[in-house]
Amino acid sequence: MAVIEVRDIHKRYGETIAVDGVDFDVEQGEIFGVLGRNGAGKTTTVEIIEGLRTPDTGTVRVLGLDPVRDRRAVRTVLGVQLQEGTLPDKATAGELVRLYRSFYADGADPERLLGELGIDDKRDTFVDELSGGQLQRLSIALALVGRPRVAVLDELTSGLDPRARRDTWDLIEQVRAAGVTILLVTHFMDEAQRLCDRIAVFDRGRIAALDTPDGLVARTHATGATLDEAFLAVTDSDSLDDDGAEISRIALDDVLGSAGTDGTDGQVRS
């Protein structure tokens, strides 16, 4: 059963075509990955799904609801963690979760949610005193406090150290196990490989490929190929740079440092 249906959406800003005929479904219970360089169209597409932007043409449905026309109803079933969201420095974690809970008729218990996400001991801690990993756990709590059936997680692990990233991956898998379908926007190839059932690779406003991680790798027809090599292959690129948006390997000292602590391998980021 498809919980998100995207049909032939287009979006233009002046002479710039941001989205050019994007079409896909997200099935119930999936972790569906959205991958692409900056400017590839993925952010605009996700914002259309969230109801933050309106497509010029095409349709989107979230559990049968139009994100713009049925905005209020969509907000009861769709939880969103925004990449650029800003929280007030001098609000505590507990205050924010209780505030967000008040927006919903049938939300989750704030204290229980903080406990399930491992930050119940930070309920009285100000936002500006939380670590990066704790902030990400708080952002997940805010996205889930309304008991959504679908959650959008946008660049959730950017800026985290390797151990915090892996802890966050475990949380994402727990959220899916609780019955929430997840739309995951990421730049990290290892994250997509670990978490996603299927991945839509965006390139120049279109979907260049949509497949499982293993299916994308198989398209390279190369023994031992990696997902980052598959990404380059399906986007018809011979470089890790594209119009100033760079996807580059993690610094060598970070790789060596993380491998010595938790076995983290090299990763690709932008």
Side-chain angles (χ1 to χ4, degrees), residues 31 38 43 46-47 50 52 75-76 78-104 106-148 150-178 180 182-188 190-192 194-195 248 250-251 253-264 267-270:
I31 298 179
N38 294 331
T43 297
V46 170
E47 289 178 345
E50 295 166 345
L52 298 177
R75 287 176 177 173
T76 68
L78 180 68
V80 177
Q81 170 268 327
L82 295 174
Q83 179 184 1
E84 300 296 336
T86 300
L87 300 173
D89 288 345
K90 294 307 178 184
T92 68
E95 288 172 340
L96 288 171
V97 177
R98 289 191 293 272
L99 173 64
Y100 276 56
R101 166 61 183 85
S102 72
F103 301 154
Y104 302 95
D106 184 29
D109 177 76
E111 295 301 318
R112 179 176 179 179
L113 187 57
L114 288 169
E116 290 174 346
L117 292 174
I119 52 173
D120 51 324
D121 60 335
K122 300 298 179 182
R123 64 171 60 86
D124 297 320
T125 302
F126 292 125
V127 165
D128 63 358
E129 296 174 357
L130 296 174
S131 69
Q134 291 162 354
L135 278 171
Q136 296 299 54
R137 288 170 184 259
L138 175 58
S139 71
I140 294 174
L142 298 179
L144 298 181
V145 73
R147 296 184 189 273
V150 184
V152 178
L153 305 179
D154 192 352
E155 301 292 350
L156 185 62
T157 61
S158 293
L160 298 185
D161 63 62
R163 184 171 297 279
R165 289 182 63 224
R166 289 179 181 271
D167 288 345
T168 303
W169 293 350
D170 290 339
L171 286 173
I172 293 171
E173 291 175 328
Q174 292 171 28
V175 171
R176 191 257 290 274
V180 179
I182 297 173
L183 185 66
L184 179 69
V185 184
T186 183
H187 277 114
F188 295 108
D190 55 346
E191 183 165 285
R194 158 77 181 267
L195 295 175
S248 60
I250 190 170
D253 56 343
D254 289 339
V255 173
L256 295 176
S258 63
T261 56
D262 67 356
T264 302
Q267 55 188 284
V268 178
R269 73 166 85 185
S270 69

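Scanning for salt bridge (charged side-chain N to carboxylate O under 4.0 Å, His left out) contacts around R176 gives D197, with sequence neighbours left out. The side chain to side chain donor-acceptor pair (under 3.5 Å) search around T92 returns E95, not counting sequence neighbours. For the side chain to side chain donor-acceptor pair (under 3.5 Å) test, residues two or more places apart in sequence or in another chain that qualify with S131 are Q134. Residues that satisfy the side-chain contact (heavy atoms from CB on, under 4.5 Å) test with L135, not counting sequence neighbours, are V127, L130. Contacts of D109 classified as salt bridge (charged side-chain N to carboxylate O under 4.0 Å, His left out), with partners at least two apart in sequence or in another chain: none. Considering only residues two or more places apart in sequence or on other chains, D170 meets the salt bridge (charged side-chain N to carboxylate O under 4.0 Å, His left out) condition with R194. When the side-chain contact (heavy atoms from CB on, under 4.5 Å) test is applied to E116, the partners found at least two apart in sequence or on another chain are R112, L113. With sequence neighbours left out, the salt bridge (charged side-chain N to carboxylate O under 4.0 Å, His left out) criterion links R98 to E111. With sequence neighbours excluded, the residues forming a side-chain contact (heavy atoms from CB on, under 4.5 Å) with R147 are D106, A108, listed by chain and number. With sequence neighbours excluded, no residue forms a ring pair (Phe, Tyr, Trp, His ring centres under 6.0 Å) with F126.
In this structure the side chain of N38 reaches within 4.5 angstrom of the side chain of H187, judged on heavy atoms. Proximity of L138 to L87: side-chain heavy atoms (C-beta onward) are separated by under 4.5 Å at one or more points. Between L142 and V97 the shortest side-chain heavy-atom distance falls below 4.5 Å. Side-chain contact between P88 and L96 is present, with heavy atoms from C-beta onward closer than 4.5 Å.
Note: D190 CG to R166 CZ = 6.5 Å, rounded to the nearest 0.5 Å.
Sorted by first and then second residue, the pairs that involve residues 125-142 and meet salt bridge (charged side-chain N to carboxylate O under 4.0 Å, His left out), not counting sequence neighbours, are K90-D128.
Taking the ring centre of F188 as origin, the terminal cationic atom of R165 falls inside the region bounded by 6.0 Å and 45° from the ring axis.
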